[in-house]
Amino acid sequence: MINAAHTRYYSVLALIVLATIVTPFFAASFGAANIMLSDVLGVMTSLLSGNSDVGQSASLSQRIILELRLPRILLAFVAGAGLSIAGSVLQTVTRNPLADPYLFGISSGASFGAVVVISLFSQTGIFAQLFDGALVVSSLGHQPWWSWSMLSLPVGAFIGASLSVMFVVALSGIGRTSQVERMLLSGVATSFLFGALTSLLLYFSSPQATASVLFWSLGSFAKASWSQLWLPTVTVGASLLIMLAFKRQIMALQAGDESAHTLGVNVAKLRLSMLLLCSLITAMLVASCGGIGFVGLMIPHTVRLLFSGRQPMILTAVLGGLFMVWIDVIARCLLGNQELPVGIITAALGSVFFLFILRHRR
């Protein structure tokens with residue numbers, strides 16, 4: 001029995017490693033422009049060897065792969081990894097298998113903060129109209145690798161996500177005597193609150209600002225670029241390292257607050273810290289690619305099914321990243337002449353998955 005379990009574990013692990021290697025090559029070949037896999041292999045080989053040319057002399061397929069599809073694949077992978085580990089940690093620290101940044105209200109809070117920045121400070125925002133463009137933040141366009149305006153959207157999203165967490169904590173409590181099962185209901189109520197505030201803000205915004213937010217709010221990697229890729233990558237990577245450093249304390253919460261406190265864990269401080277860290281991840285990803293729901297719900301449960309009795313954070317991040325890359329491939333290939341927002345696909349899959357979990361736990 002033990003040998004069979006180990007064989008199954010290493011077999012699934014080998015499949016995940018293989019999928020991680022081949023996914024960038026296959027994903028880069030799908031899209032509106034028909035690019036052969038052999039062309040992708042040639043471009044990737046040139047890139048890895050340092051001989052790639054993205055200048056004016058580069059071929060059209062090479063420019064599409066290096067300037068459009070590869071940044072998009074990497075951003076999708078980072079987004080899927082970040083949302084997956086955020087969902088896994090939320091489910092652990094709240095001991096609620098239905099916890100997720102989307103259902104917990106964090107995504108709604110982050111979206112509200114981002115929409116505040118876009119509606120008030122963008123080129124078509126309210127302040128731009130009042131001050132003739134003196135206070136303008138270009139939040140959705142391509143920017144240099146570093147600028148203060150580039151940080152405005154993540155900062156606004158993080159403030160909104162943090163407010164959402166504070167509301168959830170205030171409604172449900174954070175101490176050892178609190179009822180952690182109330183957190184999900186508090187998160188749903190908070191999600192509706194910030195959703196209503198976002199809709200109200202968009203109602204009073206200009207039509208141009210509303211139109212720019214609409215497609216983005218549904219989740220999209222269409223704006224991915226090399227200059228804006230480093231910030232979400234660093235945020236998700238650093239957050240994952242922090243979570244790995246506190247993994248033993250986080251796992252201790254599964255046995256209950258009293259047991260974790262007996263082991264020397266400061267339950268309230270750890271839970272609040274992890275909630276804020278998950279808020280940071282969610283806010284950064286919402287600012288980068290909009291609201292994408294249910295990934296943090298589906299992937300941790302899938303990992304538990306594949307690796308029974310284990311909770312490997314790194315594998316959770318990798319599987320979430322692979323999932324999101326292929327969801328993005330489906331989003332840009334499902335319809336012939338237009339791109340489908342990835343948030344629509346994940347919401348459709350996640351709702352079915354959510355009902356499956358409820359039926360399974362009944």
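The first residue in the sequence is number 1, and the count goes up from there.
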Over 12 foreign heavy atoms within 6.0 Å of CZ, Phe307: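 Atom CZ in Phe307 is packed in, count exceeds 12.
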
Should we count CG of Leu13 as having more than 12 external heavy atoms under 6.0 Å?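 Yes.
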
Kindly work out whether a path of hydrophobic side-chain contacts (I/L/V/M/F/W/Y, heavy atoms less than 4.5 Å apart) joins [X] to [Y].
X	Y	result
Leu15	Trp326	no
Ile16	Tyr10	yes
Leu18	Val12	yes
Leu60	Ile65	yes
Ile299	Val352	no

Kindly compute the distance separating [atom1] ([X]) from [atom2] ([Y]), expressed to the nearest 0.5 Å.
X	Y	atom1	atom2	answer
Trp226	Leu70	CH2	CG	4.0 Å
Ser111	Leu218	OG	CG	10.0 Å
Ile330	Leu340	CD1	CG	10.0 Å
Ile357	His301	CD1	NE2	3.5 Å
Leu163	Thr190	CG	OG1	10.5 Å
Leu185	Leu171	CG	CG	10.5 Å

Closest heavy-atom pair and its distance - [X], [Y]:
X	Y	value
Pro97	Leu297	O-CD1, 3.5 Å
Val165	Ser279	CG2-OG, 2.8 Å
Thr7	Ser11	O-OG, 2.7 Å
Pro300	Ser88	CG-N, 3.6 Å
Leu103	Leu98	CD1-O, 3.4 Å
Met243	Cys278	CE-SG, 4.0 Å

Can you list the steps and then say if Leu202 with Val115 is a side chain to side chain contact (heavy atoms under 4.5 Å, CB included)? CA-CA 8 Å; Leu202 289 177; Val115 169; 3.7 Å; yes

Using the salt bridge (charged side-chain N to carboxylate O under 4.0 Å, His left out) rule, collect all pairs that involve [range], keeping only residues at least two apart or in two chains.
range	answer
residues 82-92	none
residues 232-254	none
residues 202-211	none

Starting from the C-alpha separation in whole Å, work towards a yes-or-no answer on side chain to side chain contact (heavy atoms under 4.5 Å, CB included) for Val318 and Val17. CA-CA 9 Å; Val318 171; Val17 172; over 6 Å; no

So Val236 and Leu285, side chain to side chain contact (heavy atoms under 4.5 Å, CB included) or not? Walk me through it. CA-CA 9 Å; Val236 172; Leu285 296 177; 4.2 Å; yes

Determine whether [X] and [Y] make a side-chain contact, defined as any pair of heavy atoms from C-beta on separated by less than 4.5 Å.
X	Y	value
Leu240	Leu244	yes
Met274	Leu90	no
Pro71	Leu75	no
Met324	Val329	no
Met44	Phe25	yes
Val303	Leu319	yes
Leu231	Pro154	yes
Val267	Glu258	no

Shared-cluster residues of Val188, by chain and number - hydrophobic side chains joined below 4.5 Å: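 ILVMFWY cluster around Val188 also holds Phe192.
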
Looking at residues at least two apart in the chain, or sitting in another chain, which of them share a side-chain hydrogen bond (donor to acceptor under 3.5 Å, both in side chains) with [X]?
X	result
Ser191	Ser108
Ser84	none
Gln249	none
Ser162	none

Between [X] (side chain only) and [Y] (backbone N and O only), is there a donor and an acceptor less than 3.5 Å apart?
X	Y	result
Thr23	Thr20	no
His261	Gly256	no
Arg69	Ile64	no
Gln91	Ala99	yes
Thr235	Ile281	no
Asp100	Gly87	no

Is it the case that Gln338 and Arg332 place a side-chain donor and acceptor less than 3.5 Å from each other?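 Not at all, the side chains of Gln338 and Arg332 share no donor-acceptor pair under 3.5 Å.
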
Quick one, Leu276 with Leu280, criterion side chain to side chain contact (heavy atoms under 4.5 Å, CB included). Give me CA distance, side-chain angles, the key distance, then yes/no. CA-CA 6 Å; Leu276 291 176; Leu280 176 62; over 6 Å; no

With sequence neighbours excluded, tell me which residues meet salt bridge (Lys or Arg N to Asp or Glu O under 4.0 Å) with Arg72.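 In terms of salt bridge (Lys or Arg N to Asp or Glu O under 4.0 Å), with neighbours along the sequence ignored, Arg72 is linked to Asp328, Glu339.
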
Counting only pairs under 3.5 Å, give me each side-chain donor-acceptor contact of residues 27-40, with atom names and distances, residues two or more places apart or in other chains.
residue	atom	partner	partner atom	Å
Ser29	OG	Phe26	O	2.6

Return the set of residues passing side chain to side chain contact (heavy atoms under 4.5 Å, CB included) with Ala114 (not counting sequence neighbours), or none when no residue passes.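 Here the qualifying residues are Leu153, Ala157, Trp216.
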
May I have all residue pairs that pass ring pair (Phe, Tyr, Trp, His ring centres under 6.0 Å) and include part of residues 74-112, sequence neighbours excluded?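 Matches after skipping sequence neighbours: Tyr102-Phe294, Phe112-Phe194.
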
